[in-house]
Amino acid sequence: MTSLKQCQLLRDSLAHIGKKIIFQSRVKEEPAYYCNECELEVFNILFVTSENSSRKSYIVHCEDCARQRSPSLPNVVILEQYKMEDLMQVYDHLTLAPQSGSSR
Ligand SMILES: [Zn+2]
């Protein structure tokens, strides 16, 4: 299951092997992404490979499948869709009572 802590650990481990994470905000009503191999929903951090750069076909993988292909992820671009602050806010709100006067 997805959790904020998992996202943080994942970011740390990626930073550790020298991978850059590119922030790319989700657009409104952008569909969820699913791993091309195991069909798991990929949340927040996408592992993207381009099979054929001239045709711009991009393939999304989950972490497990991406690492199975190559543990150091040499040809994988990592996209992050939410800012950590946003995620934290979401989680904060989840633990609060629904009617705590949010300013939105
Ligand atoms: Zn997968």
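First listed ligand is number 1; within each ligand, the first listed atom is number 1.
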Task: Closest non-hydrogen atom pair, Phe47 against Leu10 - done: CZ-CD1, 4.0 Å
Open item on the list: Contact between Val77 and Ile22 at the side-chain level, heavy atoms closer than 4.5 Å - yes or no?
Closed with: yes
- [ ] Could you pull out all residues at least two apart from Ser13 that satisfy side chain to side chain donor-acceptor pair (under 3.5 Å)?
- [x] Arg67
- [ ] Taking side-chain contact (heavy atoms from CB on, under 4.5 Å) as the test, write out the residues that go with Gln81, two or more places apart.
- [x] Arg26, Glu30, Tyr33, Asn44, Leu46
Open item on the list: For a distance under 2.8 Å, give residue and atom name for each protein N, O or S atom next to the Zn ion (ligand 1).
Closed with: Cys35 SG, Cys38 SG, Cys62 SG, Cys65 SG
Open item on the list: Could you see if Val48 belongs to whatever hydrophobic cluster contains Ile78? Use Ile, Leu, Val, Met, Phe, Trp, Tyr and a side-chain cutoff under 4.5 Å.
Closed with: no
TODO: Tell me, please, which residues at least two apart from Arg69 pass salt bridge (charged side-chain N to carboxylate O under 4.0 Å, His left out).
DONE: Glu37, Glu51
